[in-house]
Amino acid sequence: MNKTMKKSLVTLALSTAILTTAAFPAWAAEASSQAFAAAAGTSAITSYNLTDNIQVEIKSILNEHQSNTTKLGAVIRFKNTSGKITRIPDFELRVHMADGVAYTLQPSSKNPKSIQPKGQQELSYLATVDRSDDIALTDISWVDVNVEVYPKQETTLLTVQTDPSTVWNGSDSTITKPAAILKWGEPFTLPSLHSSVGFIPVDIHKEITAKGVSTVVQIQVVNPTNERQTVPSFGLDGKTESKVYSGNRAEATVTLDPGEKKYIHIVIPTDLDAEFSSLNVVTAESFYTAGGDGKSSEDTYRVGRINILLPSGAATQGVIPAPDYTLGTPVKLDSTNKFVPANVDVSLVELHVTSNEEDGFNTAIAKFKLINNSDRPIPIPAIQTELVSKDGYAYAGKRQGATALSVVPKASYVVSYSYALPASETGENLKMNLYSQQANGDTTYKSLLATAKVPVQKNELDPKILHVYPYEIGIKDWSISAIFQGNMSYSYKLKLELDLKPDKLVTVDKFNNNLLFELFDNVGNPVGSATESLSGVGRLFNGTNTINLNANSSQLDFPIQVKVFESFTNEYGETVKRLLTTFKQ
């Protein structure tokens, strides 16, 4: 366990749930349709008349300085206001810089040539120019060039002055438009994508896997309309003081029925020590260049739409405290989760923090009870858990190594978890996060189910009653005996008079936690042990139980002691134990 603890300390990950009053419907008030409508209204896109039948909207403008060159781009949305198919005019699109220089942008080879009646199309334009200086882009214009006359005749049809806050200068850009700067948890929409879908960020945490470190952002998506909607494609850039990390959505196409809510997750590969100060919501634009072989090469870039501020300390402590939790009561799971069935209650029934003096760290043990309220067996969900300290350090839970496959109807089942904590962790003001493990192709990530502030139980070493849920074990009498063997050695046995009282509503099986008995000699060295089951074949029973402590000594030791532990093996093969009482004789 020493190696495990060192690994845990090295990989302490930020993982507090960052929630607001617009987060989960089970925990707080939801954002209304009016709130999404208001968010959309603050970012409405202006349309301009280009011809009698065509209107244009500026979706994106790019002015990105790269070493000795500058990439200039624009994506324009063309709208056909007429009742018949309209050809897109062959106009030039030009951008003007602050020094008076104008550049003509080249059209993408995949730009459409016409627009359906009352329809719209997006056209992409791009140019890379030899400029080593940073200079502002001031306006964009459409120019009709008549090459049939000499000299050629140019007519400017439309010029639009550009607001500096709408020009994207690359991933290092700072979004300055007030309507596009939000606090964590505020609802938003993406009007530039012509989508009515609303978004609410609800959780951000780090994950450490064999593939590296990533930050996962969980966002609730809401369809406030009466029509089926597809969630538009977008990504997130995580911004630190000195670096930008780009992330993409884990889920593929996501559709929402009217009024439906779902979650999407953006996975951002990061460094272990990266702490974001804000997130940029970005969308991708594409430009195609035709090649000589008839194939087109694609040039993509991302444009920032919204900046989401993370409060100071969000990297370690979250935004608001988790709600207080009472042991044994059902956890308020997110109502939209599909991981835990609606007719299953999950409750935390035990949480202890115990010291491992020989290893120099503490261990927390948690027990969750799953209650099947239905009339059919339900598979046991492999819930992921973590404890978060008051300082924001997260400790991942390790589930017991094996469980039953399902919970029988109208019954309960108990699953144990262990957590390696530093010796300095007292258990004060701990938060428990519950997650579902998700996967999409090669991408794995956790999705938040619930968070709560949890109490730690006192470790009272009672020689008369052992509380090992779902058992209450009464000890009526005990004795330790040394038996002289024919091989001139002594063996030791522990005799216990027990009264076991199980919770009859909880299903027990061979996977339940055991009792571990460890024998120590008169100088405190371990000399023998035995593991006894509380369920299944060979279990302890009511009445007199004789336990062979598997110790042989050439001399009779006195005094001696037997320490009694609750124990189980977690999914990493580690034996986890909690001291219950000590017998000294």
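Note that the structure is a prediction, hence the values are computed from the model and not measured.
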- For Asp334 and Tyr263, run side-chain hydrogen bond (donor to acceptor under 3.5 Å, both in side chains): C-alpha distance rounded to whole Å, both residues' side-chain angles, the deciding distance at 0.1 Å, then the answer. CA-CA 11 Å; Asp334 164 37; Tyr263 288 104; 3.1 Å; yes

- Query: Would you call Asp375 and Lys410 a salt bridge, using N to O less than 4.0 angstrom?
  - Reply: yes

- Item | With Val340 via side chain to side chain contact (heavy atoms under 4.5 Å, CB included) - residues at least two apart | Leu333, Asn337, Val344, Val346, Pro381, Ile383, Leu449

- When every non-hydrogen atom of Ala274 is compared with those of Thr270, the smallest separation belongs to CB-CB, 4.3 Å

- Spacing of CD1 belonging to Ile268 relative to CD1 belonging to Ile204, to within rounding of 0.5 Å: 6.5 Å

- Is a donor on one side and an acceptor on the other found under 3.5 Å between the side chain of Lys261 and the backbone of Leu256? no

- Task: Give a yes or no answer on whether the side chain of Thr225 reaches the backbone of Glu227 with a donor-acceptor pair at less than 3.5 Å.
- Result: yes

- Got Tyr419 and Met432 here, is their nearest side-chain heavy-atom distance under 4.5 Å? yes

- Asn512 and Tyr471: side chain donor to acceptor below 3.5 Å: no

- Task: Would you mind reporting whether Ile200 and Pro187 have side-chain heavy atoms less than 4.5 Å apart?
- Result: yes

- Message: Working note: Arg249 + Val254, criterion side-chain contact (heavy atoms from CB on, under 4.5 Å); need CA distance, chi angles, decisive distance, verdict.
- Response: CA-CA 11 Å; Arg249 214 168 78 190; Val254 177; 4.1 Å; yes

- Item | Distance-minimising heavy-atom pair for Ser173 and Asn280 | O-ND2, 4.1 Å

- Hey, are the side chains of Phe234 and Ile306 touching, using non-hydrogen atoms and a 4.5 Å cut-off? no

- Message: Does Asp462 have more than 12 heavy atoms from other residues, nucleotides or ligands lying within 6.0 Å of its CG?
- Response: yes

- Message: As an exercise, state the distance from OG1 of Thr403 to CZ of Phe511, rounded to the nearest 0.5 Å.
- Response: 7.0 Å

- Within the distance-only criterion (no hydrogens, no angle test), does the side chain of Lys369 pair as donor or acceptor with the backbone N or O of Gly328 below 3.5 angstrom? no

- Message: Given 3.5 Å as the limit, does a donor-acceptor pair link the side chain of Asp324 with the main chain of Lys453, or not?
- Response: no

- Counting N and O atoms only, with roles assigned by atom type, does the side chain of Gln218 sit under 3.5 Å from a partner on the main chain of Leu448, one being a donor and the other an acceptor? yes

- Asn372 and Tyr413: side chain donor to acceptor below 3.5 Å: no

- Task: Kindly write out the residues that satisfy side chain to side chain contact (heavy atoms under 4.5 Å, CB included) with Lys211, not counting sequence neighbours, or none if the list is empty.
- Result: Thr209, Asp442

- Message: Can you confirm whether the side chains of Ser214 and Glu207 place a donor and an acceptor under 3.5 Å from each other?
- Response: no

- Task: Measure from the side-chain N and O atoms of Tyr325 to the backbone N and O of Leu348, and report whether any donor-acceptor pair falls under 3.5 Å.
- Result: yes

- Item | Minimum heavy-atom distance between Ala423 and Asn362, given as atom pair plus value | O-ND2, 3.3 Å

- Can you tell me how far OG of Ser233 sits from CG of Leu190, rounded to the nearest 0.5 angstrom? 10.5 Å

- Mind running side-chain contact (heavy atoms from CB on, under 4.5 Å) on Lys563 and Leu579 for me, showing each step along the way? CA-CA 7 Å; Lys563 292 184 178 181; Leu579 181 63; 3.9 Å; yes

- Query: Any luck finding a side-chain donor-acceptor pair between Arg305 and Thr283 under 3.5 Å?
  - Reply: yes

- Are any non-hydrogen side-chain atoms of Pro232 and Phe199 less than 4.5 angstrom apart? yes

- Does the side-chain contact (heavy atoms from CB on, under 4.5 Å) test come out yes or no for Ser533 and Asn514, once each step is laid out? CA-CA 5 Å; Ser533 299; Asn514 302 313; 3.6 Å; yes

- Note on the structure: Output for pair (Leu516 CG, Glu518 CD), nearest 0.5 Å, gives 4.5 Å

- Task: Could you check Ile547, Thr531, Leu496, Leu540 and say which one makes a side-chain contact (heavy atoms from CB on, under 4.5 Å) with Leu515?
- Result: Leu540

- Verify whether one side chain among Glu386 and Tyr435 offers a donor that lies under 3.5 Å from an acceptor in the other. yes

- Begin with the C-alpha distance, continue with both residues' side-chain angles, and end with the deciding distance and a verdict on side-chain contact (heavy atoms from CB on, under 4.5 Å) for Asn459 and Arg578. CA-CA 9 Å; Asn459 291 315; Arg578 175 174 70 92; 4.2 Å; yes

- In this structure, CD1 of Ile475 is separated from CG of Leu466 (nearest 0.5 Å) by 4.0 Å

- Message: Which heavy atom of Ser406 sits nearest to which heavy atom of Pro377, and what is that distance?
- Response: OG-CB, 4.0 Å

- Query: Between the side chain of Glu571 and the main-chain N/O of Arg399, is any donor-acceptor distance below 3.5 Å?
  - Reply: yes

- With distance as the sole test, does Gln400 use its side chain to make a donor-acceptor pair with the main-chain N or O of Ser416 at under 3.5 Å? yes

- Message: Counting only heavy atoms not in Lys183 (residues, nucleotides, ligands), do more than 12 fall under 6.0 Å from its NZ?
- Response: no

- Item | Exam field: side chain Gln438 to backbone Ser447, donor-acceptor pair closer than 3.5 Å | no

- In plain terms, say whether Glu497 and Lys476 are close enough for a salt bridge, that is, a side-chain N and a carboxylate O under 4.0 Å apart. no

- Does a donor on one side chain sit under 3.5 Å from an acceptor on the other, for Asp237 and Ser171? no

- Query: Distance-only, no hydrogens or angles: does the Asp503 side chain make a donor-acceptor pair with backbone N or O of Tyr469 under 3.5 Å?
  - Reply: no

- Considering non-hydrogen atoms only, spot the tightest contact between Phe339 and Ala382 and give its length. CZ-O, 3.6 Å

- Query: Just wondering, do Tyr393 and Glu425 contact through their side chains at under 4.5 Å, heavy atoms?
  - Reply: no

- Query: What pair of heavy atoms forms the shortest contact from Pro201 to Ile308, and how long is it?
  - Reply: CG-CD1, 4.4 Å

- Query: Should the pair Tyr445 and His265 be assigned to parallel (<30°), tilted (30 to 60°) or perpendicular (>60°) ring geometry?
  - Reply: tilted

- Message: Classify the ring geometry of Tyr245 against Phe276: parallel below 30°, tilted from 30° to 60°, perpendicular beyond 60°.
- Response: tilted

- Cation-pi, Tyr572 ring and Lys398 (6.0 angstrom, 45 degrees): yes

- Sub-4.5 Å side-chain heavy-atom contact between Ile181 and Leu309: yes

- Item | Atom CZ of Arg539: over 12 foreign heavy atoms under 6.0 Å | no

- Query: Considering only heavy atoms from C-beta outward, does the side chain of Ile473 approach that of Asp499 to under 4.5 Å?
  - Reply: no

- Is there a side-chain hydrogen bond (donor to acceptor under 3.5 Å, both in side chains) between Asn248 and Arg302 once you walk through the steps? CA-CA 11 Å; Asn248 294 302; Arg302 288 153 68 109; 2.8 Å; yes

- Have Glu566 and Asn513 got a donor and an acceptor in their side chains that come within less than 3.5 Å? yes

- How far does CD of Glu350 sit from CD of Gln457, to the nearest 0.5 angstrom? 5.5 Å

